[in-house]
Protein chains: 2
Amino acid sequence: MQTIEQPKSLTEQTYDILLNAICSGEFEPGERLNQDEIAASLKVSRQPVNSAISLLKANGFVEDTGRRGVVASPISPEQFLSIYEFRSAVEPFAIRLAHERKPADAAQEAEMMLKRGWEAVRSNDPHQQIAVDFEFHEMIYTWAGNDTIQTTMRTNWHHIRRSMAVVVRGVVSADTSWTEHSRVIEALMQGDVERAEDEMKAHIDRATAKAVARLLEVNAAPSEVP
Amino acid sequence: MQTIEQPKSLTEQTYDILLNAICSGEFEPGERLNQDEIAASLKVSRQPVNSAISLLKANGFVEDTGRRGVVASPISPEQFLSIYEFRSAVEPFAIRLAHERKPADAAQEAEMMLKRGWEAVRSNDPHQQIAVDFEFHEMIYTWAGNDTIQTTMRTNWHHIRRSMAVVVRGVVSADTSWTEHSRVIEALMQGDVERAEDEMKAHIDRATAKAVARLLEVNAAPSEVP
DNA sequence: ATTAAAAATTTCGTATACGAAATATGTGTT
DNA sequence: AACACATATTTCGTATACGAAATTTTTAAT
């Protein structure tokens with residue numbers, strides 16, 4: 001399943017840079033992406049920029065407007081919710097698989113991860129918190145040994161990250177999140193799959209609830225008129 | 001969530017054509033994709049071909065070889081299994097959502113779909129059977145009203161289709177499949193979610209078992225020596 | 001006849017060029 | 001001033017061009 005490690009092409013590098021720019025909010029939802037400007041600022045030709053934009057479009061990070069060019073996709077609460085809903089089924093399933101397949105040193109790995117999680121909480125850096133949060137869940141996916149889960153969730157995560165960065169501006173109560181992560185790991189290490197699944201389900205549901213609350217809060221706030 | 005309908009660009013058209021060529025087995029696993037040849041045969045320049053290949057790479061249908069260019073990805077039983085495993089969690093979940101959200105005319109729609117399914121079985125055309133099978137499941141995803149499920153599954157389905165066409169060569173006992181589909185719908189229409197979920201789970205598990213059996217059968221057959 | 005090195009060819013990634021459609025600017029009319 | 005229409009400019013998608021790396025073919029040496 002692993003591909004040969006190639007030095008990244010300009011197209012891929014451009015994709016990574018643009019994806020990050022979109023997810024971090026440098027491009028606001030609805031903002032147009034000008035190929036010439038991007039090419040100039042990255043000091044590449046328009047060719048890799050154009051290709052990268054096709055990739056972004058395929059993954060839903062930009063979209064056509066019916067006019068010229070593309071814009072960073074508007075963030076829809078619907079999409080955000082659909083991802084969380086999706087996770088509420090997939091994450092507990094990943095736990096079940098992880099229970100069956102986790103490696104011998106899973107406990108140590110988990111301990112280190114939880115430590116890093118709490119460090120991130122203390123750091124008060126939202127970007128750091130979002131990053132480590134994903135690493136925690138990715139660790140579970142890896143234990144689950146199912147490549148489809150891993151690939152699928154990685155793309156979804158970028159969408160979540162974007163919503164967090166752009167709409168919610170910051171992570172949603174990272175401290176309670178890591179308490180919940182700990183509970184999941186505890187149950188999993190004790191071999192109690194049912195409880196581990198339930199804890200994960202509860203974790204996702206609580207995260208959803210909080211995220212939705214923030215979303216409504218932000219949407220309720222009056223937006224400036226141009 | 002729906003994007004504005006644009007007349008498809010050459011890049012997108014090329015992507016669709018190549019994806020289909022790969023999934024139908026016109027390009028065998030491991031076979032190289034020559035950009036010049038493809039461009040010439042489609043009567044376009046190499047530019048859209050190059051872009052399309054980037055898209056295929058991102059979705060795992062072709063991969064780098066460490067040498068020049070890309071090849072149609074080898075089909076790994078692992079990937080095939082990982083998709084089925086994934087489905088065994090997602091499909092029952094889609095049923096649960098569909099139960100809550102299916103439209104008023106779901107019953108009629110289902111009836112027509114089942115009818116088409118049986119027609120496909122009678123037709124004895126594997127391509128037709130694979131296509132209608134997907135349509136059935138896609139109908140459920142649509143009822144489920146979760147765009148992430150729909151998008152994710154569409155890509156996965158191409159991978160499944162490819163395995164079917166290239167490795168398994170034909171659909172796996174389509175007739176029992178539609179008996180199972182009928183059972184799912186019956187339970188769903190009676191409002192018995194639990195049973196509908198179980199039937200769907202059983203359906204996927206049986207499909208997996210059959211596909212795996214075919215896979216082993218094919219792999220066991222001695223391959224010709226060059 | 002093998003093998004090694006050199007030269008020629010292929011083929012990719014990326015840059016540049018071009019035409020068309022979309023958008024912006026200007027000009028004239030009322 | 002407000003609008004209609006013409007003209008200029010921008011910007012995209014795609015074609016073509018170019019340089020470099022990979023691959024094949026040729027040539028030369030043992």
Side-chain angles (χ1 to χ4, degrees), chain A residues 3-22 26-74 226, chain B residues 3-22 26-74 226:
Chain A
T3 37
I4 289 92
E5 209 50 65
Q6 294 281 112
K8 281 197 176 177
S9 67
L10 284 187
T11 297
E12 286 166 308
Q13 289 179 42
T14 304
Y15 175 79
D16 289 343
I17 290 169
L18 289 180
L19 177 60
N20 191 60
I22 290 170
E26 268 169 75
F27 287 102
E28 286 177 44
E31 186 178 344
R32 229 177 104 197
L33 276 73
N34 182 313
Q35 300 190 351
D36 280 324
E37 278 176 27
I38 293 167
S41 76
L42 299 181
K43 303 205 198 312
V44 298
S45 78
R46 260 186 49 239
Q47 152 77 11
V49 175
N50 189 284
S51 280
I53 286 178
S54 292
L55 286 168
L56 291 168
K57 191 155 62 176
N59 287 329
F61 294 101
V62 302
E63 54 186 59
D64 284 323
T65 55
R67 300 171 181 282
R68 198 159 45 183
V70 298
V71 294
S73 300
Chain B
T3 36
I4 288 93
E5 210 47 71
Q6 294 282 112
K8 281 198 176 177
S9 67
L10 285 187
T11 297
E12 287 167 308
Q13 289 179 42
T14 304
Y15 174 80
D16 289 343
I17 290 169
L18 289 180
L19 177 60
N20 191 59
I22 290 170
E26 268 169 74
F27 288 102
E28 285 178 44
E31 187 178 344
R32 210 156 127 217
L33 277 73
N34 182 312
Q35 299 191 350
D36 280 324
E37 279 176 25
I38 294 166
S41 77
L42 298 180
K43 303 208 198 310
V44 298
S45 77
R46 260 185 49 237
Q47 152 77 9
V49 175
N50 189 284
S51 281
I53 286 178
S54 293
L55 286 167
L56 291 168
K57 192 155 60 176
N59 287 330
F61 293 102
V62 302
E63 54 186 58
D64 285 323
T65 54
R67 302 173 179 279
R68 195 158 50 181
V70 299
V71 295
S73 300

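Below, chains carry the letters A, B, ... as their sequence lines are ordered, and counting in each starts from 1. These numbers come from the heavy atoms of this one structure, side chains and all, not from hydrogens, waters or symmetry mates. Nothing here was measured: the structure is a model prediction, and the numbers come from that model.
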Heavy-atom closest pair, residues A:Ser73 and A:Gly60: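 That closest heavy-atom pairing would be OG-O, 2.9 Å.
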Residue pair A:Val49 / A:Thr14: nearest heavy atoms and the distance that separates them: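 Closest approach of A:Val49 to A:Thr14: CA-CG2, 4.0 Å.
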Side chain to side chain contact (heavy atoms under 4.5 Å, CB included) against A:Arg32, all qualifying residues, sequence neighbours excluded: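 A:Arg68, A:Val71.
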Using the test side chain to side chain contact (heavy atoms under 4.5 Å, CB included), find all partners of A:Glu37 that sit at least two apart in sequence or belong to another chain.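 Counting only residues at least two positions away or on another chain, A:Glu37 forms a side chain to side chain contact (heavy atoms under 4.5 Å, CB included) with A:Asn34.
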How large an angle, rounded to 10°, do the end axes of the helix from C:dA1-D:dT30 to C:dT30-D:dA1 enclose when each is built from five base pairs?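 Result, rounded to 10 degrees: 10°.
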For A:Val44 and for B:Gly69, locate the closest nucleotide of DNA chain C by heavy-atom distance; then report the residue assigned to the nucleotide nearer the 5' terminus.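 Going by which nucleotide is closer to the 5' end, it is B:Gly69.
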With a 4.5 Å cut-off on side-chain heavy atoms, are [Y] and [X] touching?
X       : Y       : value
A:Glu63 : A:Pro74 : yes
A:Val44 : A:Gln13 : no
B:Leu18 : B:Phe61 : no
A:Thr65 : A:Val70 : no
A:Asp16 : A:Lys8  : yes

What string of B, S and - do you get for nucleotides 17-22 of chain C 5' to 3' if you count protein non-hydrogen atoms under 4.0 Å? B---BB
For [X] and [N], give me the distance from atom [atom1] to atom [atom2], rounded to whole Å.
X       : N      : atom1 : atom2 : result
A:Gln13 : C:dT14 : CD    : C1'   : 12 Å
A:Ile53 : D:dT14 : CD1   : P     : 13 Å
B:Gln35 : D:dT14 : CD    : P     : 15 Å
A:Asp64 : D:dC12 : CG    : P     : 12 Å

Enclosure of B:Glu28 CD (heavy-atom neighbours >12, cutoff 6.0 Å):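 No, not enclosed.
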Taking only N and O in the side chain of B:Thr11, is any of them less than 4.0 Å away from OP1 or OP2 of D:dT14?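 For B:Thr11, the contact criterion (side-chain N or O under 4.0 Å from OP1 or OP2 of D:dT14) is met.
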Does B:Gln47 put a side-chain nitrogen or oxygen below 4.0 Å from OP1 or OP2 of C:dT16?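 Looking at the OP1 and OP2 atoms of C:dT16, neither is under 4.0 Å from any side-chain N or O of B:Gln47.
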Listed by chain and number, what are the ring-ring contact (aromatic ring centres under 6.0 Å, His included) partners of B:Tyr15, not counting sequence neighbours?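 For B:Tyr15, no residue satisfies ring-ring contact (aromatic ring centres under 6.0 Å, His included) once neighbours in sequence are set aside.
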B:Lys43 vs A:Glu37, nearer the 5' end of DNA chain D by closest nucleotide: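 Nearest nucleotide further toward 5': that of A:Glu37.
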Taking only the side-chain heavy atoms of B:Leu10 (C-beta and beyond), determine which of D:dT11, D:dA15, C:dT14 contains the nearest atom.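 The closest nucleotide is D:dA15.
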Which residues in residues 26-34 of chain A have at least one heavy atom lying under 4.0 Å from any atom of DNA chain C?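 Output list: empty, so none.
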